[in-house]
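What follows is a set of notes on a single structure, which appears directly below.
So that the names make sense, note that chain A is the first sequence line, chain B the second, and so on, each numbered from 1.
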Amino acid sequence: MSSNTLKKGYEPHDVEKRWYDFWEQEQLFSAADKSPKDSYSIVIPPPNVTGVLHMGHALNITLQDILCRFRRLKGDNVLWMPGTDHAGIATQNVVEKKLAADGLDRHQVGREKFVAAVWEWRKEYGSAIINQLKRLGASCDWERERFTMDEGLSLAVRKVFIRLYEEGLIYRGSYIINWCPRCNTALADLEVEHEDLDGHLWHIRYPFEDGKGGLIVATTRPETMLGDTAVAVNPDDERYADTADRVILPLMNRTIPVIKDKYVDTAFGTGALKVTPAHDPNDFEIGKRHNLETVKVIGDTGIMTSEAGKFEGLDRFACRDAVVEALKKEGLLESVEPYSHGVGHCYRCKTIVEPNLSDQWFVSVKPLAEKAITAVENGTTKIIPENWKKTYFEWMYNIRDWCISRQIWWGHQIPAWTCRCGELIVSADDPTACPACGSDDLTQDTDVLDTWFSSALWPFSTMGWPEQTPLLKTFYPTSVLVTGFDILFFWVARMMMMGLHFMDDVPFSDVYVHALVRDENGEKMSKSKGNVIDPLTVIEKYGTDAFRLTLAAFAAQGRDIKMSEKRVEGYMHFINKIWNAARFSLMHLDNEAAEDSAEINPDNLSLPDRWIMSRFSRTVETASLAIDEYRFNDAASTLYNFVWHEFCDWYLEAAKPVLYGDFGEEKKGTSKAVLEKVLTGTLVLLHPFIPFITEEIWHKMPGTIGSIMKADFPESFGNDPDVEKRMALLTGIITGVRNIRGEMNISPSFSLDVIVQSSDESARQTIKENEDIIVNLARLKSLSIEPPGEKPKSSATAVTDTATIFVPLEGIIDFAKEVKRLEKEIGKISGELKGVKKKLGNDGFLNKAPEHVVEKVREKESALVKRQEKIQANLDKVKSML
RNA sequence: AGGACGAUAGCUCAAUUGCGAUGAGCAUCUGCCUUACAAGCAGAAGGAUGCGGGUUCGAAUCCCGCUCGUCCUACCA
């Protein structure tokens with residue numbers, strides 16, 4: 001590694017592994033508990049232990065890593081807190097499947113052994129996702145890694161539960177909840193995904209008590225009728241003003257009341273609604289208002305209960321068919337129509353959920369939500385981009401109580417016990433005796449808490465709460481939360497509520513909401529669609545740096561990302577370009593030179609030197625600001641353009657005459673110093689985006705010590721508009737010649753004689769001073785610089801604002817072609833001129849537009865006119881030679 | 001049903017706060033293995049910024065309507 005020569009092409013794989021290990025060994029990701037530096041902190045959105053890396057993680061992790069590495073380079077004490085989520089239902093499902101392969105189910109195994117099996121599973125496979133995050137280069141403080149079921153975090157969960165219970169914000173009750181018959185557990189409203197399905201709307205006649213006539217109700221779920229305990233009509237519905245008090249519930253042969261409730265929509269169907277309080281949330285509410293019985297006909301596994309009479313034991317969907325058949329037979333099925341409606345599915349296993357009456361624990365979130373709303377309203381927490389604010393408020397204002405109990409085994413068991421006397425005990429420590437009757441016959445609630453309950457505490461539970469740790473003092477509230485919008489409600493909103501309630505402060509100052517990564521066609525990636533692009537495959541193929549840079553470049557605010565490998569390939573080329581630029585530079589930067597030229601002597605600076613320093617300075621400012629404002633794509637494209645189109649295309653090429661030529665050691669030394677300073681600065685600037693290659697090159701640079709992660713953030717040399725203008729004169733001339741060459745099909749190996757005329761003396765001076773650069777880059781035999789005068793004969797011309805370029809072409813090209821080219825050029829300019837003239841001919845513009853704008857347009861006009869005249873003159877001349 | 005976002009070069013996308021449609025990658029065409037790079041270099045071509053109005057001296061950008069997509073939220077049986 002002492003040699004500073006580079007291989008011909010960049011080979012990412014061994015480099016990535018090598019430097020990642022190095023960073024970990026050197027503990028470069030470690031945060032200090034206390035430090036005089038500014039604190040910067042991010043908590044990772046904990047991936048599920050069952051997770052495998054997908055595009056969403058890749059984007060999420062990359063953006064966080066960019067921020068963390070950037071802040072470290074800026075000199076902050078950075079904590080990036082990593083960890084994983086126990087993912088209750090998801091993990092339980094995985095382990096259950098594994099048992100099923102051995103022909104076992106969890107009930108045969110028993111709770112204790114099952115939970116032990118899950119822990120075993122986690123020990124074996126739970127670090128897979130972490131290792132994948134490392135492949136991405138994630139600079140988390142791994143020594144602090146947490147798990148939502150760690151002892152400390154579990155204690156935090158208990159503390160929170162108990163306090164909320166004592167404050168009356170957690171309650172237990174019998175309500176309609178969403179039930180997944182496959183997972184066998186309650187789900188929160190959020191955990192239900194609605195999908196429109198084509199179904200039917202069945203119209204069923206409920207006869208009056210005399211067996212005749214009746215009320216016709218409509219339903220999409222006929223099997224629920226078995227549990228009907230009323231038929232409701234709207235009290236204002238005149239059709240039913242004098243209707244009978246009771247009707248017969250078909251198939252069950254019991255009479256049920258006809259009730260009046262404002263909820264019923266008179267416009268829907270017949271205006272009569274069957275009421276099933278045990279299986280529909282609205283019916284449940286109606287039932288409460290009218291003291292109706294609840295009859296639960298669908299059991300927890302989706303099998304009809306004994307309450308379903310002769311339908312007992314049927315699966316809910318088989319029962320639906322059977323009920324329809326039976327109704328048909330009895331002549332009570334009035335009509336059927338196709339009907340598309342939203343049906344809820346379990347977000348974990350996609351099974352159709354069943355609204356079911358059940359005893360569950362709830363958090364009363366309204367009071368918590370208020371503070372969370374205020375904090376965003378007054379900007380204590382900023383949501384970026386802003387449009388998500390509206391979504392956040394919308395949700396928060398309409399928030400409903402959160403069902404937090406799950407009937408599974410993997411998770412935080414609810415710290416509540418019931419005594420045989422019926423007393424409910426909620427306690428941090430396992431109680432030994434009932435405070436009411438003294439009995440020790442206590443049973444703990446078998447339910448566990450929703451996974452998101454522990455995730456909600458993540459920003460402070462990971463830092464040691466309820467202890468008042470130094471870590472909390474240093475890093476809470478965290479600086480920013482980076483996440484996808486799909487978990488804005490699941491997670492972000494709940495962290496806000498819990499953070500404000502328990503820490504008395506918001507959990508983060510900024511929330512940066514990034515896009516969702518979709519496939520090339522804009523569709524969500526999913527296993528079932530088979531359109532998943534595996535990030536690890538992309539990394540294997542193109543390297544981590546190329547992949548990261550692509551993700552950053554794609555991360556425009558408020559837009560979804562359509563992932564395409566083509567783009568990654570483009571950025572891989574860029575990575576290679578950097579590599580080669582460094583390879584070239586290092587050929588000229590030996591250690592000696594580095595020592596000699598530690599200081600740049602301003603007197604020896606060439607124009608390209610001054611120019612690249614000015615451009616570099618602007619890049620530092622623009623890119624830094626973009627990162628500060630989470631405009632990752634702007635930062636990426638700024639760096640891309642600087643490195644490729646300014647540093648490589650112009651600076652390195654322009655530096656060649658100095659580096660290869662004989663202009664004296666002093667000049668050469670200064671140029672080398674500039675090259676070295678700008679290149680090292682650029683590496684540092686690039687490092688947050690592409691950490692591996694920058695570290696690799698860093699170590700080859702003369703005079704660098706240790707990791708690039710410990711480098712100083714580059715300082716600006718200051719912008720110099722005059723230098724940029726003078727450089728533009730040179731590039732303009734070079735491009736003009738190249739243009740003529742291309743258009744005229746003149747071989748690059750053919751050296752040209754070129755005459756440049758300019759009336760501006762300082763411009764002539766600049767050109768003269770940099771003659772060798774022009775000669776080199778435009779491949780000239782000779783260059784004459786003159787004041788305007790005799791137009792050289794038989795020449796192609798190119799015109800810039802300050803100079804006219806003549807390329808004598810006698811015997812080289814076809815003049816008819818040149819006429820065509822010039823005519824086209826004039827056409828272009830006169831088009832522009834037309835626009836400008838129109839503007840200047842408009843009184844409104846002259847009167848109302850700010851003066852400097854008008855002035856600018858006027859300058860533009862005169863420049864265009866000048867150019868047009870010059871080209872016209874040349875055109876005439878060429879024409880005369882035909 | 002309500003809401004959000006999108007529609008710009010053949011494709012994928014950029015374009016601070018309104019000021020010559022400014023631009024990138026890929027694809028296309030032309031010429032080059034020119035002493036870091038053919039994963040490259042130098043050129044070229046390509047656009048009434050979805051449609052219709054409005055505000056403005058001036059609109060891709062601000063406002064209204066429409067069409068087409070995508071996605072969220074939602075208890076109409």
Notebook entry, point to check: With a 3.5 Å cut-off and no angle check, do the side chains of A/Y10 and A/E696 form a donor-acceptor pair?
Noted result: no

Next item on the list: Starting from the 5' end of RNA chain B, give me the residue, A/G271 or A/S585, whose nearest nucleotide shows up first.
Entry: A/S585

Next item on the list: Could you check how far CG of A/L752 sits from P of B/U34, rounded to whole Å?
Entry: 18 Å

Note to self: Whether the A/N234 and A/D261 side chains hold a donor-acceptor pair (N or O, under 3.5 Å, no angle test) is what I'd like checked.
What the structure shows: no

Next item on the list: Check every atom of B/A36, B/A77, B/G40 against the side chain of A/H573 and return the nucleotide holding the closest atom.
Entry: B/G40

Next item on the list: Round to the nearest Å and state the distance from A/Y542 atom OH to B/A39 atom P.
Entry: 14 Å

Notebook entry, point to check: In whole Å, what separates the P atom of B/U28 from that of B/G53?
Noted result: 39 Å

Notebook entry, point to check: So which nucleotide from B/A77, B/U12, B/A24 ends up closest to the side chain of A/H645?
Noted result: B/A24

Notebook entry, point to check: Of the nucleotides B/C5, B/U73, B/A24, which has the atom closest to the A/N641 side chain?
Noted result: B/A24

Check: For B/A77, does either OP1 or OP2 sit under 4.0 Å from a side-chain N or O belonging to A/Y339?
Finding: yes

Next item on the list: Identify which nucleotide among B/C75, B/C37, B/G25 has an atom closest to any side-chain atom of A/Y640, counting heavy atoms from C-beta outward.
Entry: B/G25

Checklist line | Complementary nucleotide of B/G43, counting Watson-Crick and G-U pairs under 3.5 Å | finding: B/C29

Margin query: Any donor-acceptor pair under 3.5 Å linking the side-chain atoms of A/E223 with those of A/H279?
Written below: no

Item checked: Whole-Å C1' distance, B/G65 and B/C71 -> 23 Å

Note to self: With a 3.5 Å limit on both atom pairs, tell me what B/A21 is paired to, counting Watson-Crick and G-U wobble, or say none.
What the structure shows: none

Next item on the list: Looking only at side-chain atoms of A/F489, point me to the closest of B/A77, B/U73, B/C75.
Entry: B/U73

Checklist line | Nearest-angstrom distance from the residue atom NE2 of A/H279 to P of B/A77 | finding: 17 Å

Notebook entry, point to check: Ignoring hydrogens and angles, does a donor from either the side chain of A/Y10 or the base of B/C37 sit under 3.5 Å from an acceptor on the other?
Noted result: no

Item checked: Closest to the A/D649 side chain, choosing from B/A77, B/C41, B/A74 -> B/C41

Margin query: I want to check one thing: is the phosphate of B/U12, taken as OP1 and OP2, less than 4.0 Å away from some side-chain N or O of A/R567?
Written below: no

Item checked: Nucleotide B/C26, atom P - distance to CE of A/M572 in whole Å -> 11 Å

Next item on the list: Give the rounded distance in Å between these two atoms: CD1 of A/I734 and P of B/A42.
Entry: 11 Å

Notebook entry, point to check: Counting side-chain heavy atoms from C-beta on, which of B/A77, B/A36, B/C41 comes nearest to A/W644?
Noted result: B/C41

Notebook entry, point to check: For B/A15, which nucleotide in any strand shown is its Watson-Crick or wobble partner with both distances under 3.5 Å?
Noted result: none

Note to self: On the nucleotide B/C5, are OP1 or OP2 found under 4.0 Å from the side-chain N or O atoms that A/K390 carries?
What the structure shows: no

Next item on the list: Check the side chains of A/S585 and A/K672 for a donor-acceptor pair under 3.5 angstrom, ignoring hydrogens and angles.
Entry: no

Checklist line | Shortest side-chain distance from A/N580, nucleotide among B/U12, B/C37, B/U35 | finding: B/C37

Next item on the list: Give none if B/A60 has no partner; otherwise give the nucleotide forming a Watson-Crick or G-U wobble pair with it, both distances under 3.5 Å.
Entry: none

Checklist line | Complementary nucleotide for B/U8 - Watson-Crick or wobble, under 3.5 Å | finding: none

Notebook entry, point to check: Got a salt bridge between A/R221 and A/E354, using NZ or NE/NH1/NH2 to carboxylate O under 4.0 Å?
Noted result: yes

Next item on the list: Summarise protein proximity over nucleotides 28-33 of chain B in one line of letters, 5' to 3': B for base, S for sugar-phosphate only, - for none, counting protein heavy atoms closer than 4.0 Å.
Entry: --SS--

Notebook entry, point to check: Do A/K656's NZ or CZ and the ring of A/F584 fall within the cation-pi criteria of under 6.0 Å and 45°?
Noted result: yes

Checklist line | Watson-Crick or G-U wobble partner of B/G65, both distances under 3.5 Å | finding: B/C51

Item checked: For B/G2, the Watson-Crick or wobble partner whose two distances fall under 3.5 Å -> B/C72

Note to self: Between B/U67 and B/G52, how far apart are the two C1' atoms, rounded to whole Å?
What the structure shows: 11 Å

Notebook entry, point to check: Taking only residues two or more places apart in sequence or in another chain, which ones pass side chain to side chain donor-acceptor pair (under 3.5 Å) with A/Y392?
Noted result: none

Margin query: Check A/D236 with A/K260, please: is the shortest side-chain N to carboxylate O separation under 4.0 Å?
Written below: no

Notebook entry, point to check: If each of A/D196 and A/Y660 is mapped to the nucleotide of RNA chain B with the nearest heavy atom, which maps nearer the 5' terminus, i.e. the 5' end?
Noted result: A/Y660

Notebook entry, point to check: Between B/A42 atom P and A/L777 atom CG, what is the distance in whole Å?
Noted result: 10 Å

Next item on the list: Assess the side chains of A/T276 and A/K274: does a donor N or O sit below 3.5 Å from an acceptor N or O?
Entry: yes

Item checked: Spacing of A/D486 atom CG relative to B/A4 atom C1', expressed in whole Å -> 15 Å

Notebook entry, point to check: Angle class for the A/W388/A/F485 ring planes (parallel below 30°, perpendicular above 60°, tilted otherwise)?
Noted result: parallel

Margin query: Let's test your reading of the model: under 3.5 Å, does the base of B/A36 pair with the side chain of A/E653 as donor and acceptor?
Written below: yes

Margin query: Say we look at B/C26 and B/A39: how far apart would their C1' atoms be, to the nearest angstrom?
Written below: 14 Å

Margin query: Can you tell me whether the base of B/A42 sits syn or anti, using the 90° cut around 0 to define syn?
Written below: anti

Checklist line | Nucleotide nearest A/H341 (side chain, heavy atoms from C-beta), chosen from B/C75, B/A77, B/U12 | finding: B/A77

Check: What's the CZ-P distance between A/F574 and B/G40, to the nearest Å?
Finding: 12 Å

Note to self: When you measure from the centre of the six-membered ring of A/F689, is the NZ or CZ of A/R548 closer than 6.0 Å and no more than 45° off the axis?
What the structure shows: no

Margin query: Using the P atom as the point on both nucleotides, what is the distance between B/C63 and B/A7, in whole Å?
Written below: 14 Å

Checklist line | Span that lies between the P atom of B/A45 and that of B/C29, in whole angstrom | finding: 16 Å

